[in-house]
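All remarks here apply to the structure that follows.
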Amino acid sequence: MSHWYTLQLGNEQQAFEPLRQIQQVFMARFLMTPPGTGRALFSHFDAAEDRVVLFFSPAAADIAVRFRASPCDRPAQDLVLLAGEGDAWHDAAQDERLAA
């Protein structure tokens with residue numbers, strides 16, 4: 001099973017510039033890959049901790065590693081798609097069911 005990756009960026013103000021940079025790098029790579037690769041970047045705002053958390057799909061591992069994101073399990077469903085293929089989360093769920 002491939003790993004997802006997570007990166008905590010701090011509160012919304014702290015996250016603004018790093019998030020902009022990550023999205024630029026992500027989109028440059030995304031536009032060079034064929035459709036259907038499952039490359040996606042998601043975010044989640046943790047209100048209790050006042051922080052923005054990013055999640056990179058397994059197909060975006062190259063970018064996740066570049067920004068020192070940590071491997072993690074597939075995230076919960078309350079995510080916002082920032083860039084890439086929105087069905088990457090659902091495709092990963094299907095892959096997990098098939099592997100079981």
Side-chain angles (χ1 to χ4, degrees):
M1 171 183 15
S2 299
H3 288 287
W4 283 72
Y5 290 82
T6 186
L7 181 63
Q8 296 182 22
L9 297 179
N11 66 33
E12 290 181 79
Q13 185 176 4
Q14 295 166 330
F16 181 78
E17 185 57 27
L19 180 56
R20 186 188 65 76
Q21 293 173 1
I22 292 167
Q23 283 181 297
Q24 284 181 335
V25 171
F26 181 93
M27 286 307 297
R29 295 289 298 215
F30 178 72
L31 293 173
M32 294 187 311
T33 59
T37 60
R39 187 179 285 263
L41 175 64
F42 296 93
S43 72
H44 170 74
F45 180 70
D46 184 340
E49 299 289 329
D50 187 29
R51 67 179 172 201
V52 175
V53 182
L54 297 183
F55 292 95
F56 300 81
S57 69
D62 57 333
I63 298 167
V65 169
R66 178 176 177 176
F67 287 98
R68 295 187 173 95
S70 302
C72 67
D73 292 332
R74 186 164 114 354
Q77 197 170 16
D78 59 340
L79 303 176
V80 174
L81 177 67
L82 295 177
E85 299 177 355
D87 56 353
W89 189 89
H90 297 290
D91 290 348
Q94 181 180 3
D95 291 346
E96 288 175 6
R97 284 191 301 273
L98 293 174

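Keep in mind that the numbers below use all heavy atoms, side chains included, and drop hydrogens, waters and symmetry copies.
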Requested in this report: For Arg66, check salt bridge (charged side-chain N to carboxylate O under 4.0 Å, His left out) against everything at least two apart and list the hits.
Outcome: none
Report task. Enter the distance from Phe16:CZ to Leu19:CG here, rounded to the nearest 0.5 Å. Result -> 8.0 Å
Query raised in the report: Is it the case that one hydrophobic cluster holds both Leu79 and Leu9, taking links as side-chain heavy atoms less than 4.5 Å apart, direct or via other members?
Result: no
Query - Distance-minimising heavy-atom pair for Tyr5 and Ala61 - result: CE1-CB, 3.5 Å
Report task. May I ask you to decide if Asn11's main-chain N or O and Gln14's side chain share a donor-acceptor pair within less than 3.5 Å? Result -> yes
Query raised in the report: Do Trp4 and Phe42 touch side chain to side chain, with heavy atoms closer than 4.5 Å?
Result: yes
Query - Leu82 and Ile22, any side-chain heavy atoms less than 4.5 Å apart - result: no
Query raised in the report: Got more than 12 heavy atoms from elsewhere within 6.0 Å of CZ, Phe45?
Result: yes
Query - Donor-acceptor contact below 3.5 Å, side chain Glu85 vs main chain Gly38 - result: yes
Query - Co-membership, hydrophobic cluster, residues Leu41 and Leu81, 4.5 Å side-chain - result: no
Report summary line: Residue pairs passing the salt bridge (charged side-chain N to carboxylate O under 4.0 Å, His left out) test with at least one member in residues 3-17, sequence neighbours excluded, are Glu17-Arg20
Query raised in the report: Roughly how far, to the nearest 0.5 Å, is the CG atom of Leu7 from the CD1 atom of Ile63?
Result: 12.5 Å
Pairs of donor and acceptor atoms involving the side chains of residues 47-56, under 3.5 Å and at least two apart or interchain, shall be tabulated with distances.
unit_1	atom_1	unit_2	atom_2	d
Arg51	NH1	Gln8	OE1	2.8
Arg51	NH2	Asp46	OD2	3.4

Query raised in the report: Do the side chains of Met27 and Met32 join up, straight or via other hydrophobic residues, at under 4.5 Å, putting them in one cluster?
Result: no
Query raised in the report: So which heavy atom on Ala60 is nearest to which on Ala40, and how close?
Result: CB-O, 4.0 Å
Query raised in the report: Do you know which two heavy atoms are closest between Pro18 and Ala15, and how far apart they sit?
Result: CD-O, 3.3 Å
**Report entry** Closest contact, heavy atoms only, His3 versus Cys72
**Finding:** ND1-O, 4.0 Å
Requested in this report: Please tell me if the side chains of Asp62 and Arg29 come closer than 4.5 Å, counting only heavy atoms from C-beta onward.
Outcome: yes
